[in-house]
Chemist: 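This is the structure I want to talk about, given as structure tokens.
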There are 2 protein chains.
Amino acid sequence: MELDALAKNENKKVQNLIIRGIRDIINHKNLEPGDKLPSERMLSEKFEVSRSNVREAIHKLEFYGLLKPKPQSGTFVANIGIVALNGMIDDILRLDEPDFKSLVETRILFELKTSKLAALRRTDEDLKQMKMALEAYKEKIENGEDAMQEDLLFHLAIAKASGNSTMNTFMLMITPEIITNFEKYHVCDKNLAIRGITEHEEIYNAILNQDSKLAKQKMKEHFRALYQYCYNI
Amino acid sequence: MELDALAKNENKKVQNLIIRGIRDIINHKNLEPGDKLPSERMLSEKFEVSRSNVREAIHKLEFYGLLKPKPQSGTFVANIGIVALNGMIDDILRLDEPDFKSLVETRILFELKTSKLAALRRTDEDLKQMKMALEAYKEKIENGEDAMQEDLLFHLAIAKASGNSTMNTFMLMITPEIITNFEKYHVCDKNLAIRGITEHEEIYNAILNQDSKLAKQKMKEHFRALYQYCYNI
DNA sequence: TATTATAAGTTGGTTAACCAAATACATTTT
DNA sequence: AAAATGTATTTGGTTAACCAACTTATAATA
């Protein structure tokens, strides 16, 4: 396990080294947005790493929208300007694993907003999905079983009903991390879970009745306990 | 260009097909969290695709925290429960490119929150970085040049000063898309830019004075024009 | 029988060879 | 001279072979 982590760290280190190198090339050769980067083979030779490593690094920068690989043609610098590009690469290099507190803070931000938006935009299909998730959650709790998954699915259903694809995606991205940390720190509590049924129903009803203010308010209450808990870690 | 897009679509289609297949395997074989997935070679044979395709699909599910590849051992189902896993895979399959409106809506949500948090948590180093970005922006505008990059760097500096690594990462992720769309729709306006100097200074001062309420208020005003613009598209 | 040692097979990761498309350049044609 | 054609090279993407670490099964030992 430790070796694995080390290997991953080493790998990341190499990748960051390549990213740094690419940034230097762009600056040194005064590559403008739209210009072509040296080929993957050239880069792998220059940095003395495998071509796969170079490709991974390029993929990462592509994910953040800084590079655009074109098949059988080359990899090109995105049209976002040299200054922003430098700043963003520096930020990307400085990125580390998100801390739990920051995750929860972000989640609550999303939850409040998506519940509000869902109340304004939810379709009948959205309501159906939310209702299903709600019932599944209820059944599990009433049987005394763990229902974290069903809980999260209800919240993801709200995110989907918000009609905001970006927030929906981000919620998906942070959910697994949330689950992992919740299990690690044993955040879940039976008392909370039972009260959760009522709270979920209140949120659902507010969204059903398109009362955006109430939906947000109920969501806020729903997260009050969690919020306080997390800021005492 | 069209062929390129088609190829990318085709590639994505294959990837989604594999993801669907993996989900079916997990369900059909009743794989519990922590269980091992069939090997990459087996999957590539079963789905009649290349091993690279399988690896890409696995990487995507790994990115969303659903699978955990272990070197020289196998790929394992994450500890998030079969129900949530199914729901999330369905969501991931349904993900499409974010629309501009959803991007802007999310960005504004972040900007208001990060400015507030930055006012509460900013360090001296954060202030220095923000000041630098602010000056660079000012200089460009006063010379009549385009300053979108410097504008964004100022906002990214705020995100960093918020002390929330998750929001910082997400801001980085949406920024290139924002830039692209702004250029496409020619959102930027000279008049807005000049007024932007004052607005940026007001935001900076509020954060400097640790007045979180004012910082959020000024940020809201800063985005009012953009907000209205985007909802008229 | 229980435990350790050992060997064979399986695994994700890595490397290198290969491919078809795109480009650059020389040649031919008009 | 300009345009069209053909050819060689370069490119990102793909495939297949290889590697070292990990599992499992078997054998040896107590």
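These figures come from a predicted structure and were not determined experimentally. Per chain, numbering begins at 1; letters A, B, ... match sequence-line order.
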Chemist: Between the protein and nucleotides 8-12 of chain D, which nitrogen or oxygen pairs come in under 3.5 angstrom?
Modeler:
| residue | atom | partner | partner atom | Å |
| --- | --- | --- | --- | --- |
| D:dG12 | OP1 | A:T75 | N | 3.4 |
| D:dG12 | OP2 | A:E40 | N | 3.1 |
| D:dG12 | O4' | A:Q72 | N | 3.2 |
| D:dG12 | N7 | A:R41 | NH1 | 3.0 |
| D:dG12 | O6 | A:R41 | NH2 | 2.8 |
| D:dG12 | N2 | A:Q72 | NE2 | 2.8 |
| D:dG12 | N3 | A:Q72 | NE2 | 3.2 |

Chemist: Between B:F110 and B:F170, what is the ring plane arrangement, given parallel below 30°, perpendicular above 60°, and tilted in between?
Modeler: tilted

Chemist: Taking atom P of C:dT15 as reference, at what distance in whole Å does atom CD of A:E48 sit?
Modeler: 13 Å

Chemist: Please confirm whether the shortest side-chain N or O distance from B:S50 to OP1 or OP2 of D:dT14 is below 4.0 Å.
Modeler: no

Chemist: Do A:H59 and B:H59 have their ring centres less than 6.0 Å from each other?
Modeler: no

Chemist: Among side-chain atoms of A:N168 and A:S165, is any donor-acceptor pair under 3.5 angstrom?
Modeler: no

Chemist: For B:E56 and C:dG12, what is the distance between atoms CD and C1' respectively, to the nearest whole Å?
Modeler: 16 Å

Chemist: Return the orientation label for the A:H155 and A:F223 ring planes: parallel under 30°, perpendicular over 60°, tilted otherwise.
Modeler: tilted

Chemist: Counting only pairs under 3.5 Å, give me each side-chain donor-acceptor contact of residues 82-90 of chain A, with atom names and distances, residues two or more places apart or in other chains.
Modeler:
| residue | atom | partner | partner atom | Å |
| --- | --- | --- | --- | --- |
| A:N86 | OD1 | A:N27 | ND2 | 2.8 |
| A:N86 | ND2 | A:N27 | OD1 | 2.7 |
| A:N86 | ND2 | A:I82 | O | 3.0 |
| A:D90 | OD1 | A:R23 | NH1 | 2.5 |

Chemist: Whole Å only: how far is the CD atom of B:E45 from the P atom of D:dA16?
Modeler: 12 Å

Chemist: In terms of side-chain geometry, is the basic nitrogen of A:E56 or A:K60 positioned less than 4.0 Å from the acidic oxygen of its partner?
Modeler: no

